[in-house]
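Data first, discussion second: the structure below is written as structure tokens.
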Amino acid sequence: MATEGTPVDETELATQLRTRGLVRTVADRGSRRLDENHSALVEALSTILNATDAPPIDLHIEEALAELKGPRFFLVQHVLCDLIPLLNVDQDVLLAFITRLLDAGGNDLAAGTPSTAFGEWTKKNPVRSSKVYEAARAGDNLALRQLFTVLVMNADIEEGLIFAQAHEREAKLAALSALGAMELGERYGEVLDILVQGASSNDEAIALRSLEAGYRAAAQRKTLAPVGFDEQLERVLQTRSPFVIHLATNLLWIHWVGLTEKAMSLCLDAAADVDPDNAGTISHLDHAAYQLVGAGHAEKVICLLSELFDRSKGRIALDAFQSTYHALQNAGSEVLGSAVVYWLLNGSTYTHKCVASEVCGVGNDDPPFSVPTSSLPLEPSDQLYLCRKAVGWFFIDPVVAVVIPLAVLRDGSSDIKNDVLDLIYHPLLVSYGGKLKDYVERYAESIPDLAELLTRKAAIQDAMEGIERLVELHPSEMQREAAHVQWREQMERSMEQGHRKSIFEDLVTKQYILYGRSSLTPIHTEEGTTHLTETGMHSFSVSSELPILDIVDPVGLEHMLLQFKLEQRAQR
């Protein structure tokens, strides 16, 4: 390995290239991105490989690439990509070389870097890009694979238009994408006319590529795409094929600036039909929804999520949209509150279940949302329906469950005041004291009717003093043991599932600490020595409260909550 600041021995390097090949030589040198010897190594490699008697750049490449695994491959690729623009080798040889690198890189985000390096290579001499275009017209697969990059890197609008109107399908697709990615300047209108024509094609791939390019070009100019694109988008989205839905998702994510209101509505409706098994498109949709919330389109996203949960019959849940959920939280507690109100009012059981699993938690001191007056429905019957849904689905977290009833008491119809007060008292205050009682007391001054509920709560609490000593209410030892076994099994399954899904599983060392106040971790240094790092441990706790009604009247409580959950909203 070359050390920092050490000159590169070109004689030794040339020998290595002739015996080991370029890829293995770079791998042997172990060059890193920040190594000061990196530039010197790249310069020495280019000098040797540009000589008339130079060894071929693809010597032993298949075996060498098979030996490189994971991050080590991309360290070597980084050096090779810095080297490629400096080479003066035959185009066919270089195309074959970068194609092998691309195939070895797979689907990694950094896998496309060799294409960029090849584009830089063509920029060094105008003749090179012309030769790539020639090869592409002749149907050369390797040249066709790099046509998009070469067109974009050379900003060759003229050639892009020629290829976009050609009959060769692969070249046409590459050119359409390239036109959308270029800075079009004064030729913007001319190019978009060609893209609209492509969007009207009966070939789905060409139509989709043209639409994406058109909206991308508009988004780059911070302007809306022409109306013609919306018409073709509406036609194409009717098929609801996986490719069409993926296009709609990407338009919402990456090119939403170029979408008109109509186009955005069309894409949102199509995205709601995404296949629950298509994890890639769902991930893109999460990114898109996150962007839209930040851009002030929270209402559209809230409607979209409800449609997703209901159309997929719960197979898509809110845990697949964590970025979006955090965006709603960051937009303000009232934005998230408006979302919760909309989902409870308009969603089905699938949506209600998704919302409850996200907003309810153990040990919450304060609810994660607040309810603005503007989000409450106008009809008293709808307000009461909303309260009953909140109590039914959020009962396990009483502080969250009481937020909506309190909002209705404060800002809703007086006609249902007594019904809402009854809900707050039974089952909530009857079941819970502690944090719920403290939370309700905060509103006692602004909502005077709560004082009576708190008085009744204190009375029933006094009356139940000592009830825990009644043997008849105690579970048997067999029931206790069965509950403990069930709890342990559930925790073991949860831990295993958490480990499998964790992105840190392969990055950190797993430790099992049975007893002690600190842990010792061995740190291995580059010099071959090992030292121990001590990490102190501190206690933490989470408190939760079991509802009294679940002990005193479990059957009645379950029946009541089930009624609230399954109740249907009155149709008008």
Side-chain angles (χ1 to χ4, degrees), residues 70 276-280 282-283 286 309 312-326 329 349-365 367-368 392-401 431-432 434-436 468 473-523 532-552 554-555 557-558 561-562 565:
D277 294 326
N278 199 333
I282 292 173
S283 176
D286 183 28
F309 305 148
S312 68
K313 300 188 182 302
R315 291 177 63 194
I316 299 174
L318 201 50
D319 59 3
F321 287 85
Q322 287 302 299
S323 296
T324 305
Y325 185 73
H326 290 313
Q329 285 180 309
T349 303
Y350 302 113
T351 295
H352 298 158
K353 188 175 182 180
C354 289
V355 178
S357 65
E358 199 63 46
V359 301
C360 296
V362 176
N364 280 341
D365 293 326
W393 284 102
F394 303 158
F395 180 78
I396 193 65
D397 190 339
V399 174
V400 173
S431 293
Y432 296 100
K435 293 177 181 177
L436 174 63
E468 69 278 358
L473 294 179
H474 291 187
S476 67
E477 288 299 322
M478 182 179 296
Q479 289 172 324
R480 291 175 188 271
E481 184 59 30
H484 289 160
V485 170
Q486 185 179 16
W487 175 258
R488 283 197 297 270
E489 290 178 351
Q490 183 180 350
M491 287 300 100
E492 287 175 3
R493 288 195 299 270
S494 298
M495 288 180 66
E496 288 177 6
Q497 187 177 13
H499 285 311
R500 286 198 301 271
K501 291 186 176 181
S502 174
I503 61 173
F504 301 107
E505 177 70 6
D506 298 327
L507 302 178
V508 298
T509 303
K510 186 185 298 182
Q511 291 182 323
Y512 294 93
I513 302 172
L514 300 179
Y515 305 99
R517 297 181 178 177
S518 62
S519 66
L520 293 176
T521 304
I523 305 296
L532 296 175
T533 297
E534 183 175 359
T535 303
M537 294 185 291
H538 301 277
S539 64
F540 67 94
S541 62
V542 176
S543 62
S544 62
E545 185 179 3
L546 294 176
I548 292 175
L549 280 177
D550 198 32
I551 300 172
V552 178
V555 175
L557 176 64
E558 184 178 356
L561 297 180
L562 196 60
K565 289 179 179 180

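Shortest non-hydrogen contact noted between V399 and P367 is CG1-CD, 3.5 Å. Smallest separation of non-hydrogen atoms from V400 and P368: CG2-CD, 3.8 Å. Between G536 and S518, the closest heavy-atom pair is CA-CB, 3.9 Å. In terms of heavy-atom proximity, L557 sits nearest to D550 at CD2-N, 3.7 Å. Across all non-hydrogen atoms, the minimal contact from A320 to I282 is CB-CG2, 4.1 Å. Taking each heavy atom of L561 and G392 in turn, the nearest pair found is CD2-CA, 4.0 Å.
Listed by chain and number, the residues in a side-chain contact (heavy atoms from CB on, under 4.5 Å) with L546 amount to none (sequence neighbours excluded). Partners of F394 according to the ring-ring contact (aromatic ring centres under 6.0 Å, His included) rule, which considers only residues two or more places apart in sequence or in another chain, do not exist here. Here T535 pairs with S519 under the side-chain contact (heavy atoms from CB on, under 4.5 Å) rule; sequence neighbours left out. Q322 is linked by a side chain to side chain donor-acceptor pair (under 3.5 Å) to E358, counting only residues two or more places apart in sequence or in another chain. In this structure, the salt bridge (Lys or Arg N to Asp or Glu O under 4.0 Å) partners of D277, at least two apart in sequence or on a different chain, are R315. In this view, E558 satisfies the salt bridge (Lys or Arg N to Asp or Glu O under 4.0 Å) rule with no residue, not counting sequence neighbours. By the ring-ring contact (aromatic ring centres under 6.0 Å, His included) test, F309 is found to be paired with no residue, residues two or more places apart in sequence or in another chain being considered. For the side chain to side chain donor-acceptor pair (under 3.5 Å) test, residues two or more places apart in sequence or in another chain that qualify with S323 are D286. Every residue two or more places apart in sequence or in another chain was checked for a side-chain contact (heavy atoms from CB on, under 4.5 Å) with V555, and none qualifies. When the side chain to side chain donor-acceptor pair (under 3.5 Å) test is applied to Q329, the partners found at least two apart in sequence or on another chain are H326. Judged as a side chain to side chain donor-acceptor pair (under 3.5 Å), and not counting sequence neighbours, the contacts of N278 are T281. Every residue two or more places apart in sequence or in another chain that forms a side-chain contact (heavy atoms from CB on, under 4.5 Å) with A317 is listed here: D319, C354.
To the nearest 0.5 Å, atoms CD (E489) and CZ (R493) are separated by 6.0 Å.
The shortest distance between side-chain heavy atoms of T349 and K565 does not fall below 4.5 Å. Considering only heavy atoms from C-beta on, D397 stays 4.5 Å or farther from Y432 through its side chain.
Within a 6.0 Å radius of CE in M491, other residues, nucleotides and ligands contribute more than 12 heavy atoms. Within 6.0 Å of CD1 on I548 lie more than 12 heavy atoms contributed by other residues, nucleotides or ligands.
Annotation: cation-pi geometry not satisfied between K353 and W393 (NZ/CZ under 6.0 angstrom from ring centroid, within 45° of ring axis).
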